[in-house]
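Small disclaimer: the values here were computed from a predicted structure and weren't measured. All values below were derived from every heavy atom in this structure, side-chain atoms included, with hydrogens, water molecules and symmetry-related copies excluded. The chains referred to below are lettered A, B, ... by the order of the sequence lines, with proteins before strands, and numbering in each begins at 1.
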There are 2 protein chains.
Amino acid sequence: MTGLLGSMPATIYEVAQKAGVGIGTVSRVLNNSSQISPQTRARVLQVIDKLNYQPHAMAQGLARKKSLTIAALMPFFTGHFYVELLKGIQQATARHKYDLILYSIEDLHDKDFYLKRALQQRRVDGVLLVSLPLSDAYAKEFQRRKLPLVLVDTSHADFDSFTVNNQSGAHAAVQHLIRLGHKRLAMITGHRESKPAQLRYTGFRRALAEAGIKLPEGLLISSDTLSGESITLNDGFNKETGYRAMQKLLQLNGIRPTAVFVASDIQALGAMQAMQESGLRVPEDMALVGFDDIELAEYVGLTTIKQPMFQMGQRAVERLMALINDPNSPRQHRRIETELIIRDSCGAKKEIKHKH
Amino acid sequence: MTGLLGSMPATIYEVAQKAGVGIGTVSRVLNNSSQISPQTRARVLQVIDKLNYQPHAMAQGLARKKSLTIAALMPFFTGHFYVELLKGIQQATARHKYDLILYSIEDLHDKDFYLKRALQQRRVDGVLLVSLPLSDAYAKEFQRRKLPLVLVDTSHADFDSFTVNNQSGAHAAVQHLIRLGHKRLAMITGHRESKPAQLRYTGFRRALAEAGIKLPEGLLISSDTLSGESITLNDGFNKETGYRAMQKLLQLNGIRPTAVFVASDIQALGAMQAMQESGLRVPEDMALVGFDDIELAEYVGLTTIKQPMFQMGQRAVERLMALINDPNSPRQHRRIETELIIRDSCGAKKEIKHKH
DNA sequence: ATGAAAGCGCTAACAC
DNA sequence: GTGTTAGCGCTTTCAT
């Protein structure tokens with residue numbers, strides 16, 4: 001039927017010809033333009049269907065100056081956090097019938113390269129920048145090009161952003177401990193220069209202050225005050241720092257805390273190991289709350305703060321789509337609230353445990 | 001300098017004009033064509049650099065009938081396996097200077113939709129289909145269109161594929177147990193209809209046969225012979241089936257096995273839980289080997305079979321690129337070998353343990 | 001070696 | 001309403 005051209009996909013010309021109309025008409029029904037007589041529209045649609053015609057994405061993109069594609073630049077997968085985020089992004093993108101190009105950033109050189117690519121070459125309709133700081137040079141570039149940009153887990157005054165509310169998350173964690181009756185609390189966290197570490201610390205202090213509890217000396221342990229090989233890894237949020245920090249806490253006789261807020265689950269795991277080696281049990285000897293809700297947290301029954309990354313990914317895409325459709329939509333900086341996941345590491349006092 | 005057009009990216013025309021050459025010439029240096037005088041080439045390159053010019057991907061794609069993009073269709077992330085795979089895919093794709101469009105398949109309707117999209121809209125130069133069976137209808141379609149396709153973790157006679165060698169992996173796992181001196185072995189696995197389950201079983205049998213060991217009745221437990229809610233989940237590879245299967249094994253007095261090969265780590269976790277509840281210890285009371293090397297495996301010290309997904313992703317992309325460059329390249333069905341990761345769940349006999 | 005011109009498949013402005 | 005035509009930004013003959 002399709003003759004010699006049978007193996008090549010149909011073009012708008014063939015559709016037009018078979019339907020006995022001009023290509024403009026076909027284009028119109030494709031974009032379901034305002035006024036087309038129902039008859040011709042039906043006829044064209046029929047041919048389209050018969051030829052199994054689908055418009056050529058690049059030709060459309062070129063003519064329309066739109067790609068129906070967005071790019072996500074993200075550091076590749078340090079676990080759960082990014083996987084969930086990517087899922088959310090992917091799903092929302094698909095729902096809008098957009099394609100998602102994934103650029104993974106392993107070092108800062110990559111970032112530049114891909115940013116440039118997204119900006120100039122690939123002409124995506126919008127970009128999502130995840131966890132990476134946006135330099136002023138690129139900020140200007142995005143503005144000049146009027147290319148919609150949404151930041152996720154990072155921020156910049158001039159662009160829309162979605163970040164986790166670290167402070168209120170930490171606050172909720174500590175409040176939970178306090179509600180359970182704990183009065184002598186400690187905190188283990190990452191490097192003091194780390195922004196999340198700072199915010200989580202603020203939340204911790206705030207919760208203590210509200211309960212009229214003060215933090216004795218030595219009950220706050222930041223990674224950078226420790227010694228050890230991998231101390232600097234991942235902003236101090238790693239198993240070894242958790243382990244060493246807990247060892248330090250355990251040496252505190254007399255003022256040993258009854259509960260500790262560990263600013264990351266991975267550190268909490270290290271802390272648990274240290275406790276175990278000292279013959280101490282969680283939560284009997286010491287209650288623990290983590291932060292992140294990594295996969296292992298569920299397995300070991302660690303009560304923790306979950307960051308709703310899936311949702312964050314979705315919302316970021318929704319926002320990006322809104323910006324694509326209305327570039328003048330006012331800037332929004334959204335702070336996503338966390339969720340307290342209660343498991344076994346704090347024991348139960350007046351609380352009902354939610355077992356998963 | 002760029003005047004009113006300053007906010008739009010430069011085109012090949014502007015480059016040509018500023019360099020005092022025709023657009024054809026610019027195009028030639030862009031594609032570093034054979035013969036261009038070093039001088040003009042230098043001059044053009046200089047202008048390109050000054051204008052910060054980068055070719056427009058869609059225009060190039062349209063003219064060249066190539067998109068420099070591939071698509072990966074995959075069921076979205078059931079953990080580690082897919083994350084590693086995606087990392088490998090992403091990295092190899094980037095190395096070839098291709099872009100990666102990610103289509104996530106949540107149900108079979110998605111699969112159809114995206115397959116059609118990739119196939120007809122000519123957005124991509126090749127596709128990677130992961131873990132999903134390819135229907136004959138689409139197989140024909142890919143052939144007709146001559147669109148390069150590589151299957152990963154799934155296969156079809158007519159297309160290149162990369163799959164894990166389930167059989168030899170299982171064989172290695174069981175051989176390990178046998179070398180450790182175990183003579184009474186059992187196996188816990190997923191549904192009997194599951195292809196991986198079948199292959200792993202074959203590997204198990206082969207290892208036993210080679211050692212002259214026979215499998216007494218009742219020492220092979222498939223998920224579909226169990227009862228319980230989530231028994232059917234994920235082809236029977238889930239925690240509950242592992243748990244129940246182990247319970248069943250534990251009821252076997254007299255012929256209780258000293259070691260069991262569990263065909264998935266997640267089931268091994270369930271099995272361990274059942275043992276723990278019965279006051280039994282791993283490996284003292286029973287040795288365990290899993291399959292998959294999920295994240296938790298390391299945490300609980302489970303000896304297991306690792307599937308090198310990162311590598312598989314990379315190789316699949318390499319193959320796809322080869323096909324894109326030479327569509328007539330002969331078909332290859334690659335079987336990727338697994339790796340035995342020795343941890344603590346088998347104890348040590350004559351073996352040296354590799355501790356991670 | 002290089003300029004001119006004809007597409008690539010589509011959209012959109014312009015006629016009628 | 002619908003056909004015609006001029007681009008979109010590039011590659012690629014075809015001349016020269």
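Summary of helix geometry: the two end axes of the helix from C:dA1-D:dT16 to C:dC16-D:dG1, each defined by five base pairs via their C1' atoms, are inclined to each other by 40° (rounded to 10°).
Protein atom NZ of B:Lys66 is 20 Å distant from nucleotide atom C1' of C:dG7, rounded to whole Å. Rounded to an integer number of Å, the gap from CG of A:Asn31 to C1' of C:dA13 is 14 Å. Between B:Ile23 atom CD1 and C:dA6 atom C1' the separation is 11 Å, expressed in whole Å. Between the C1' atom of C:dC8 and the OH atom of A:Tyr13 lies a distance of 10 Å, rounded to the nearest Å. Across the protein-nucleic acid pair, A:His56 atom NE2 and C:dG9 atom P stand 6 Å apart, rounded to whole Å. For A:Met58 and C:dC10, the CE to C1' distance is 13 Å, given to the nearest whole Å. For B:Gln39 and C:dA1, the CD to C1' distance is 10 Å, given to the nearest whole Å. The distance between atom CZ of A:Arg64 and atom C1' of C:dA13, rounded to the nearest whole Å, is 16 Å.
Extent of DNA chain D lying under 4.0 Å from chain B heavy atoms, first and last nucleotide in 5' to 3' order, is D:dG9 to D:dT13.
Contact record, B:Ala94 with A:Tyr114: CB-OH, 3.2 Å, taken as the closest heavy-atom pair. What you find for A:Leu323 and A:Ser329 is that their closest heavy atoms are CD2-O, 4.1 Å.
Within 4.0 Å (heavy atoms only), A:Thr11 reaches sugar-phosphate atoms of the nucleic acid but no base atom. Using a 4.0 Å heavy-atom criterion, one finds that B:Val21 contacts the sugar-phosphate atoms exclusively.
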Steps toward side-chain hydrogen bond (donor to acceptor under 3.5 Å, both in side chains) verdict (B:Asp110, B:Tyr103): CA-CA 9 Å; B:Asp110 285 351; B:Tyr103 291 130; over 6 Å; no

Steps toward side-chain hydrogen bond (donor to acceptor under 3.5 Å, both in side chains) verdict (B:Tyr53, B:Thr11): CA-CA 7 Å; B:Tyr53 167 81; B:Thr11 71; over 6 Å; no

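A salt bridge is absent between A:Arg315 and A:Glu318; no separation between the charged side-chain nitrogens and carboxylate oxygens falls under 4.0 Å. Here A:Arg319 pairs with A:Asp160 in a salt bridge; the nearest charged N to carboxylate O distance falls below 4.0 Å. A salt bridge between A:Lys111 and A:Glu106 is absent, with no side-chain N of the basic residue lying under 4.0 Å from a carboxylate O of the acidic one. Here B:Arg117 pairs with A:Asp99 in a salt bridge; the nearest charged N to carboxylate O distance falls below 4.0 Å.
Counted by atom type alone, B:Ser67 and B:Asp125 present one or more donor-acceptor pairs between their side chains at under 3.5 Å.
Comparing C:dC10, C:dA1, C:dA4 by their closest approach to the side chain of B:Arg28 singles out C:dA4.
In terms of position on DNA chain C, the residue among B:Arg122 and B:Thr25 whose nearest nucleotide sits closer to the 5' end is B:Thr25. When the nearest nucleotides of DNA chain C are assigned to B:Ser33 and B:Lys65 by heavy-atom distance, the more 5′-ward of the two goes with B:Ser33.
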